Amino acid sequence: MRIFNTLTHSVEPFKPIHPGTVNMYVCGPTVYNFIHIGNARPVIFFDVVRRTFEYLGYTVNFVSNFTDVDDKIITRAKELEIDEIALTQTFIKAFLDDVERLGSTTKYLAPKATEYMQPITNYIAQLIDQGFAYEVDGDVYFDVKKSPEYGILSNRQIDEQELGSRIAVNDKKRHPLDFTLWKKTTEGVKFSSPWGEGRPGWHTECAAMIDDIFGEKIDIHGGGADLVFPHHENEIAQANALHHHHLANIWMHNGHLQIDDSKMSKSEGTVIYVKDLTVDPMGFRLLTLGTYYRAPLMFNDETLNTYTNEWERIKRTYSQAFYALDLIEMLDSEAKNYPDIEILHDRFIDAMTDDFNTANALTHLYALVKLLNQKMREEDAFDIMLAAFNNLKIMFNILGLRISLKRLSKADRHMYHAWKDARKNRDFDRADQLREKLSERGILS
RNA sequence: GGUCCCGUAGCCAAGUGGCUAAGGCAGCGGACUGCAACUCCGCCAUCGUCGGUUCGAAUCCGAUCGGGACCUCCA
């Protein structure tokens, strides 16, 4: 397995800290709204990372947090005139529903900031004790000048930044890049701390959770490319201060989704939510996997339709093979080995282990689909069909492409054979009736 | 001002020094078929522009044009 590491800016061989185990953390959502299709990219991609490692035999400890205390949450709760707890509960559930719809697993450790106050305040206290943070009027800031490596991840010189380019400079800070660890809060949900009532800063939340949950450096830390600076830079600064390491061996960042239809641009304020996707979510998942994860992902109606149709095509082949094999009761048979199929499988895995090159992996999946279609046109190629089908299933599992089919009932089998007989006897009225029924059952497609 | 991406056929997208530039969609031409759908076979690009390095470049360097990200809480 080779992975591009933002920290070293190069592709590196993956070496787990503990053999056979991958400890990974992905920055989760701030739960104040539904997630949009851009948020869906890491949800899909890092799920595939996890599945790939699991296929390779690793135990993956996957953690992704919920930021459930934040200014945006306070603002949104006021807008909707509900309390913050109700708001975050609503959107945590909505998030998990979307994750499920996108075909990613929801079975992972998902710590909430509000439930980690003790570890977080302890973490901040340690930073103050060791001289890396300072308190001003109930706020606590991290002192970036105390961190000699500050800028190591994002390759920035702290004094060359255009200060206040987006946000007014806060004069309580010793240096404009100093970031908030604890923020004095007068409204909304607040927590007590040695520095008075307030709430934790976002950057310290993730760092403290990782510290508490894993207790050591982790293998992989992931998130969107926009998090490189300042969020992940700040996480590294804190870990470096307390533990003299970079928090994670490998930092992975997915590129952004680009909507090139101006009518749907962010500047127009029209955001597409995952919950509002009208196509099969698997089509969207395939679209996401069709592009290398670090490259920008082009999204528009045409690309969405292309991949949705592609998914229909793949699904059709899979389903036809499934029923063809079920009809002759071969689904549970032992598959033989065929070099042509082994090669496609191996190439697929090679692509996946080459920094998760899903775009290349898909070409081998397409080749397998084609092979399966060729074999289904032949009269008696069931052995090789079975082998191809089983391998396609493996690829589906790694990519998280979901399809559930029910095995044929006795009635289904009768209907199928009746259809075949009707065609043979040139009773086309009856054949068409049966074809329609079989299509409704999903057996013919 | 700083850091960093990208520009490959109508569309999406691999490839990052060397056989005739993957793959998919769309298109075109065939085959199969009771009809239709599905499916299969075949065809379809010299890599934004200019210059340089090299025996050899889409791949390296420079310039230029065009698009984009980040520079305090946005995946």
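Predicted model only: the values in this text are computed from it and were never measured. The basis for the numbers below is simple: all heavy atoms, side chains too, and nothing from hydrogens, waters or symmetry mates. To find a chain, count down the sequence lines: A is the first, B the second, and so on, and within it residues start at 1.
Distance from the side chain of A:Leu257 is smallest for B:A75 among the nucleotides B:G2, B:C41, B:A75. You'll find that the side chain of A:Glu310 is closest to B:C25, out of B:C73, B:C25, B:G15. Among the nucleotides B:G24, B:A75, B:G15, the one closest to any side-chain atom of A:Tyr366 is B:G24. For A:Ala295, taking side-chain heavy atoms from C-beta onward, the closest of the listed nucleotides B:A13, B:A14, B:G23 is B:A14. Nearest nucleotide to the A:Arg313 side chain, out of B:G34, B:C12, B:G24: B:G24. Here the side chain of A:Asp70 is nearest to one of B:A75, B:G68, B:C73, namely B:C73. The side chain of A:Arg435 lies closest to B:G34 when the candidates are B:C73, B:C12, B:G34. Closest approach to the A:Asn373 side chain among B:G23, B:C12, B:U39 is made by B:U39 (side chain taken as heavy atoms from C-beta onward).
Atom C1' of B:C60 sits at a distance of 29 Å from the matching atom of B:G1, rounded to the whole Å. If you take atom P in B:A9 and the same atom in B:C35, they sit 40 Å apart, rounded to whole Å. B:G17 and B:A57: their C1' atoms are spaced 6 Å apart (whole Å). Remark: the separation of the C1' atoms in B:C41 and B:C32 is 11 Å, to the nearest Å. Spacing between B:U20 and B:G30 at atom P, rounded to whole Å, works out to 32 Å. Comparing the C1' positions of B:G66 and B:U8 gives an interatomic distance of 15 Å, to the nearest angstrom. The same atom, P, is picked in B:G24 and in B:G56; the two are 34 Å apart, to the nearest Å. Taking atom C1' on both nucleotides, B:A14 is separated from B:G7 by 15 Å, rounded to a whole Å.
Remark: the backbone N or O of A:Val26 is paired with a side-chain donor or acceptor of A:Ser64 at under 3.5 angstrom. In this structure, the side chain of A:Gln258 does not engage the main chain of A:Met298 through any donor-acceptor pair within 3.5 Å. At least one donor-acceptor pair under 3.5 Å links the side chain of A:Thr6 to the backbone N or O of A:Trp251.
Just one of A:Asn357, A:Asp355, A:Thr358 meets the side chain to side chain contact (heavy atoms under 4.5 Å, CB included) condition when paired with A:Tyr293; it is A:Asp355.
A 4.5 Å side-chain heavy-atom check between A:Gln238 and A:Phe179 finds at least one atom pair inside the cut-off. Side-chain contact between A:Phe91 and A:Tyr32 is absent, with no heavy atoms from C-beta onward closer than 4.5 Å. You'll find the side chain of A:Thr105 stays beyond 4.5 Å of the side chain of A:Phe62, heavy atoms only.
Within the structure, a side-chain polar atom (N or O) of A:His9 is placed less than 4.0 Å from OP1 or OP2 of B:C5. For B:C41, one of the phosphate oxygens OP1 or OP2 lies less than 4.0 angstrom from a side-chain nitrogen or oxygen of A:Gln374. OP1 or OP2 of B:G24 has at least one side-chain nitrogen or oxygen of A:Lys370 nearer than 4.0 Å. For the OP1/OP2 pair of B:U3 and a distance below 4.0 Å, the side-chain nitrogens and oxygens of A:Ser154 include no atom meeting the criterion.
Using the Watson-Crick or G-U wobble rule with both distances under 3.5 Å, B:A58 pairs with nothing in any strand shown. Across all strands shown, B:A69 is found opposite B:U3 as a Watson-Crick or G-U wobble partner, with both distances under 3.5 Å. Nucleotide B:A31 forms a Watson-Crick or G-U wobble pair with B:U39, both donor-acceptor distances falling under 3.5 Å. The partner of B:A21 is absent, by the rule that a Watson-Crick or G-U pair needs both atom distances under 3.5 Å. The pairing partner recorded for B:A45 is none, the criterion being a Watson-Crick or G-U wobble arrangement whose two distances lie under 3.5 angstrom.
Protein atom CG of A:Asn155 is 17 Å distant from nucleotide atom P of B:C70, rounded to whole Å. The distance between atom CD of A:Glu233 and atom C1' of B:G2, rounded to the nearest whole Å, is 14 Å. In this entry the distance linking CG of A:Leu365 with C1' of B:A22 reads 15 Å, nearest Å. We find that CD of A:Glu436 is positioned 17 Å from P of B:A36, with the value rounded to whole Å. The CD atom of A:Glu312 sits 13 Å away from the P atom of B:A26 (whole-angstrom rounding). Atom CG of A:Asn305 and atom C1' of B:C12 are 12 Å apart (whole Å). The interatomic distance linking A:Trp202 (CH2) with B:C73 (P) rounds to 9 Å, in whole Å. The interatomic distance linking A:Asp226 (CG) with B:C5 (C1') rounds to 14 Å, in whole Å.
Counting any heavy atom pair closer than 4.0 Å across all strands shown, A:His364 reaches no nucleic acid atom. Base engagement by A:Asp432 is indicated by at least one non-hydrogen atom pair under 4.0 Å involving a base atom. Residue-level contact check: A:Gly223 touches the backbone only, with heavy atoms under 4.0 Å from sugar-phosphate atoms and none from bases. Note on A:Gly201: nothing from the nucleic acid sits closer than 4.0 angstrom, heavy atoms only.
In terms of position on RNA chain B, the residue among A:Leu287 and A:Leu227 whose nearest nucleotide sits closer to the 5' end is A:Leu287. The 5' end of RNA chain B is approached more closely, in terms of each residue's nearest nucleotide, by A:Leu297 than by the other of A:Thr317 and A:Leu297.
By the criterion of a centre-to-centre distance under 5.5 Å and near-parallel planes under 30°, the ring of A:His256 forms no stack with the base of B:A69.
Ionic pairing of A:Arg51 and A:Asp47 is present here: one or more N-O contacts between side-chain nitrogen and carboxylate oxygen are shorter than 4.0 angstrom.
A centroid separation of 6.0 Å or more is found between the aromatic rings of A:Tyr307 and A:Phe284.
Side chain A:Asn360 to base B:G23: no donor-acceptor pair is found below 3.5 Å. For A:Arg377 against B:U39, a side-chain N or O and a base N or O form a donor-acceptor pair under 3.5 Å.
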